[in-house]
Amino acid sequence: MTKITRALISVSDKTGVLDFAKALAAQGVEILSTGGTAKLFADNGVPVIEVADYTGFPEMLDGRVKTLHPKIHGGILGRRDLPAHVATMAEHQIGNIDLVCVNLYPFEATIARPDCNYEDAIENIDIGGPAMVRSAAKNHAHVAIVTDASDYADLIKEMQTNDGALLLATRKVLAKKAFSHTAAYDGAISNYLTALTAEGEKKSYPDRLNMQFVKVQDMRYGENPHQSAAFYRDIDPAMGSLAAYKQLQGKELSYNNVADSDAAWECVKQFAEPACVIVKHANPCGVAVGVDSYSAYRLAFATDTTSAFGGIIAFNQTVDADTAEAVSKQFMEVLIAPAYTAEALALLAKKQNVRVLEVPVEQGANRFDLKRVGGGLLVQTPDSHELTLNDLKVVTKLQPTEAQLKDLLFAWNVAKFVKSNAIVFCGKGQTLGVGAGQMSRVDSTKIAAIKAKAAGLDLRGSVAASDAFFPFRDGVDVIAENGVSAIIQPGGSVRDDEVIAAADEHGIAMVVTGIRHFRH
Ligand SMILES: NC(=O)c1ncn([C@@H]2O[C@H](COP(=O)(O)O)[C@@H](O)[C@H]2O)c1NC=O
């Protein structure tokens with residue numbers, strides 16, 4: 001192992017770099033730096049040699065050329081194990097550079113600024129930085145490349161215990177991180193440039209889409225045991241998204257666990273009152289709000305006690321002992337909540353197979369939804385439309401009551417998370433019947449009613465939500481047969497008149513939203 005004797009530090013984001021440089025200097029490392037970084041060190045008493053003095057060439061062209069010099073890149077790229085390289089370096093008086101610490105011009109932060117123009121963006125494309133990152137990462141057999149400030153402390157510790165050197169294994173990890181870093185950086189530049197028209201206008205979607213995800217885990221298998229799978233998260237996940245989970249106990253999450261947990265979590269997160277959502281095969285089979293998590297669970301479970309078996313249960317508030325005891329009576333795959341009391345965790349610990357996840361309730365959304373199709377990718381903004389009472393238009397003679405309006409909004413918020421065609425019956429903040437994923441709307445309606453009956457739940461006086469318009473009056477007729485008193489639906493069918501007339505005929509109040517929530 002070779003002791004690190006010379007380091008080059010050139011960072012835009014100077015967080016933590018002063019301490020890092022001090023610790024390197026304390027281990028006898030000579031430090032080379034570019035203008036701003038060198039000034040920071042000199043001002044704080046860290047011995048530093050400016051790159052310009054080292055190469056004999058000034059920084060020039062407004063900083064476009066600082067470190068692009070054979071004395072720098074030769075010092076980074078030269079192989080210490082090849083006599084020919086060693087001789088060439090000696091001939092040209094090129095000294096070894098054993099550690100390179102670089103972070104790049106903040107391109108993404110710059111283009112995110114509302115006042116950023118094309119020239120600002122171009123000037124914030126770092127050239128010398130990525131060149132050094134790539135040189136050092138390529139020569140990781142001899143050189144360490146540091147691109148992440150959160151690594152500084154650990155690297156110093158490793159050097160302290162390794163006679164001033166870093167292990168090859170560490171240099172390899174750093175090199176992988178470095179190439180991922182420059183790949184993401186170039187991806188962001190490509191996304192920006194290919195999203196501009198010839199006239200410089202910004203298109204919504206770039207011609208080339210570059211994205212990076214970070215692997216969370218390999219999975220035992222995919223949707224089925226003969227499929228392999230892995231779970232990746234965004235580099236910077238949306239606030240409060242499932243990917244922020246902390247697993248407190250239980251077996252490893254499976255592919256279906258993650259997919260279903262996401263559906264349950266996104267659904268439960270939208271309610272302000274204590275809520276519970278039980279999901280099976282990506283569909284909510286019971287949703288309710290209550291005075292607390294316990295009562296919400298009792299109501300959600302009652303919707304469909306058969307389907308809840310082996311489900312994913314999500315809460316938007318703390319799970320206490322009573323709730324933990326109640327959910328423990330049913331077979332569940334995953335339990336999700338923002339917090340658990342100590343007593344709840346002690347009770348859940350008796351069910352070691354249950355995966356218990358803690359996720360903070362924060363209202364963030366993915367920037368894009370992605371869906372693979374054969375040979376391609378569909379990209380859209382997520383369906384994060386939030387309906388308010390003011391958005392509703394009453395289209396029937398009968399006006400909904402205040403209590404019905406409350407239930408209609410609740411039913412609508414559930415229908416948004418049910419696969420199309422979706423029909424959801426609700427009453428008093430509880431789902432009473434869910435009809436999901438049918439090819440015809442009237443079949444979803446019939447199924448929702450059959451399920452309510454099977455659960456012994458009375459639909460009289462309840463409300464119904466439909467995720468998209470009724471193409472015919474038949475769905476409304478089935479709803480009416482079951483005694484439902486109000487309907488929420490987008491409207492917009494060519495047969496709206498016929499559908500509204502049916503509601504009037506049955507003495508049902510109907511509101512339209514003008515918004516559709518297909519979910520596939
Ligand atoms: N031009 C070059 O040769 C060059 N060498 C290093 N940089 C960048 O300059 C920044 C540090 O500059 P300073 O130390 O002056 O604050 C780093 O983000 C580094 O990636 C360069 N800048 C841009 O390409």
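Just follow the structure's listing: the first ligand is 1, and inside any ligand the first atom is 1. In this chain, residues are counted from 1 in sequence order.
Applying the ring-ring contact (aromatic ring centres under 6.0 Å, His included) test to pairs two or more places apart or on separate chains, those with a residue in residues 73-122 are Phe107-Tyr192.
When only modelled atom types and interatomic distance are considered, Asp81 and His142 share a side-chain donor-acceptor pair under 3.5 Å. With no hydrogens or angles considered, a side-chain donor-acceptor pair links Asn210 and Asn191 at under 3.5 Å.
Qualifying side chain to side chain donor-acceptor pair (under 3.5 Å) partners for Thr147, counting only residues two or more places apart in sequence or in other chains: none. Considering only residues two or more places apart in sequence or on other chains, Thr194 meets the side chain to side chain contact (heavy atoms under 4.5 Å, CB included) condition with Ser190, Pro206, Asp207, Arg208.
Pocket lining of ligand 1, defined as residues with a non-hydrogen atom under 4.0 Å away: Ser10, Val11, Ser12, Lys14, Thr34, Gly35, Gly36, Thr37, Gly63, Arg64, Val65, Lys66, Thr67, Leu68, Val102, Asn103, Leu104, Tyr105, Asp126, Ile127, Gly128, Gly129, Met132.
Within a 6.0 Å sphere centred on CZ of Arg113, other residues, nucleotides and ligands contribute more than 12 heavy atoms.
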